[in-house]
A.B. asks: 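Mind looking over this structure? Questions follow.
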Protein chains: 2
Amino acid sequence: MRKRVGNKEQAILDAAVKVFALHGYHHAKISTIADQAGVATGSVYLYYKNKEGILLTIFDRLWAELTEGLRVIVKRSDIDATQKLDLVIDKLFELFIANPALASVFVNEQQHLIKERRGNIARQYDDFLNLAEEIIREGVRENKFHPDVDIKLFRQFITGGLRSVLLLWSEKSQTLTLHRVRQNVKYFIKHGLL
Amino acid sequence: MRKRVGNKEQAILDAAVKVFALHGYHHAKISTIADQAGVATGSVYLYYKNKEGILLTIFDRLWAELTEGLRVIVKRSDIDATQKLDLVIDKLFELFIANPALASVFVNEQQHLIKERRGNIARQYDDFLNLAEEIIREGVRENKFHPDVDIKLFRQFITGGLRSVLLLWSEKSQTLTLHRVRQNVKYFIKHGLL
DNA sequence: ACTATTATTGAATAGTGATTCATTATTCCC
DNA sequence: GGGAATAATGAATCACTATTCAATAATAGT
């Protein structure tokens with residue numbers, strides 16, 4: 001017998017995030033990912049079905065973590081919808097502090113996965129959006145948020161804006177502190193430009 | 001001699017927008033685009049250098065139109081920054097009314113073009129953002145907009161949110177009138193959620 | 001009607017890189 | 001130390017499709 005030494009599965013996943021972020025999914029080569037992970041090209045296929053499988057795993061774990069975090073926040077009864085919204089944003093930003101490359105992959109590479117409903121990405125994405133919707137609905141019910149907003153549109157607008165801002169940050173994290181970004185985003189969402 | 005009959009260049013461009021929107025740039029085949037345009041595969045190369053050339057042309061024209069429209073709006077002295085912001089949003093939405101597929105391509109396919117600074121997409125994009133920035137700056141100067149916002153962040157947040165909302169609309173234009181989307185977006189940007 | 005010129009075609013080619021698999025290496029157990 | 005048993009390798013294969021180009025078609029001028 002021979003024991004598997006080190007965590008190659010995780011090493012490959014980490015390498016893939018970096019390489020996908022740098023070159024984009026379609027231009028990323030399996031051989032580059034393997035190099036970066038310190039394994040042979042063929043070894044990648046011992047741990048993942050294929051290239052798309054790697055991307056699916058990245059998003060599976062990401063959404064699982066985000067959705068779980070959001071679920072906990074939504075359940076809380078000690079804070080109101082406004083504070084919940086703040087916490088969601090904190091959660092999102094925290095996840096990307098340690099790993100800016102993940103933000104880039106998150107923003108750029110999931111469109112076609114969702115459109116083609118690969119894996120259960122689409123379901124997890126729906127879950128997340130529905131949970132986010134609950135918070136907004138709660139805020140409207142308690143007269144904390146403006147009642148005329150179209151919830152689905154607002155939800156879409158916020159997530160799109162957040163993704164875009166995260167991307168900017170992931171590319172220029174030297175000059176832009178995440179703290180500053182987060183403060184601004186919270187303000188925009190609540191008060192708008194006026 | 002032989003005359004070129006019809007506008008094949010435009011036909012190919014229109015076909016490409018549809019096919020890119022449907023399958024995404026990387027999964028779109030030249031042969032499919034040619035079929036859709038009613039020409040032979042090889043003919044595509046009489047009008048465009050290569051596949052990327054088609055995408056570059058799509059974005060060149062799109063950004064040229066958007067930037068030109070924005071330039072005119074920024075120059076106007078008969079309206080204030082708030083009204084200018086409304087007009088920009090109108091402009092953006094109008095452009096996609098006739099062509100929802102274009103919205104999908106616009107949202108999904110330009111990240112790598114900008115990152116790699118292909119063609120002059122990146123320059124035109126910068127121009128557009130800078131013009132948008134001018135409007136916000138003007139609003140702040142005239143005390144119409146809140147003075148503490150980070151202009152670059154806000155600009156990024158708005159454009160990301162807009163893109164995301166446009167994408168939703170382009171996919172569900174049956175159930176979601178553009179008018180409704182536009183009204184909501186204008187409201188969000190100015191007043192936020194509270 | 002013929003010829004020159006340019007437009008168009010689409011099957012053949014070529015480049016790329018994902019995936020496979022025969023071979024080799026490592027570890028465990030006796 | 002030897003032999004299972006499994007892990008890992010990486011060069012060869014395969015699949016896909018962008019691009020090319022020799023052949024053909026269409027038009028204009030004479």
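Being a predicted model, the structure only gives us computed values, none of them experimental. Labels below follow one simple rule: chain letters A, B, ... track the order of the sequence lines, proteins then strands, and each chain is numbered from 1.
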A.B. asks: Would you kindly give the CD-to-P distance between E9(B) and dT8(C), to the nearest whole Å?
C.D. replies: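 These atoms are roughly 12 Å apart.
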A.B. asks: Is it the case that the ring center of H146(A) lies less than 6.0 angstrom away from the ring center of Y187(B)?
C.D. replies: yes
A.B. asks: Applying a 4.0 Å non-hydrogen cut-off, can you work out what V44(B) is touching in the nucleic acid: base, sugar-phosphate, or nothing?
C.D. replies: nothing
A.B. asks: Can you give one letter per nucleotide of nucleotides 14-19 of chain C, 5' to 3': B if a protein heavy atom sits under 4.0 Å from the base, S if only from the sugar-phosphate, - if neither?
C.D. replies: ---SSB
A.B. asks: Any side-chain N or O of Y47(A) under 4.0 Å from OP1/OP2 of dA7(D)?
C.D. replies: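 It does not, given that no N or O in the side chain of Y47(A) lies less than 4.0 Å from OP1 or OP2 of dA7(D).
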A.B. asks: Identify whether the distance between the nearest side-chain nitrogen and carboxylate oxygen of K84(A) and E142(A) falls below 4.0 Å.
C.D. replies: no
A.B. asks: Can we call the ring centroids of F96(A) and F106(A) under 6.0 Å apart?
C.D. replies: yes
A.B. asks: Nearest whole angstrom, please: distance from the P of dC16(D) to the NE2 of H23(B).
C.D. replies: 16 Å
A.B. asks: Report yes or no: does Q83(A) contribute a side-chain atom to a donor-acceptor pair with the main-chain N or O of D80(A) at less than 3.5 Å?
C.D. replies: yes
A.B. asks: Write down the distance between OH (Y48(B)) and P (dT20(D)), rounded to a whole number of angstrom.
C.D. replies: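 In whole Å, dT20(D) P lies 17 Å from Y48(B) OH.
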A.B. asks: Please check if the side chain of D150(B) supplies one atom and the backbone of L153(B) the other of a donor-acceptor pair under 3.5 Å.
C.D. replies: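 Pair found, side chain donor or acceptor close to backbone of L153(B).
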A.B. asks: dA23(D) P sits how many Å from L46(B) CG, rounded?
C.D. replies: 18 Å
A.B. asks: Establish, from distance only, whether the side-chain atoms of D14(B) and Q10(B) form a donor-acceptor pair under 3.5 Å.
C.D. replies: yes
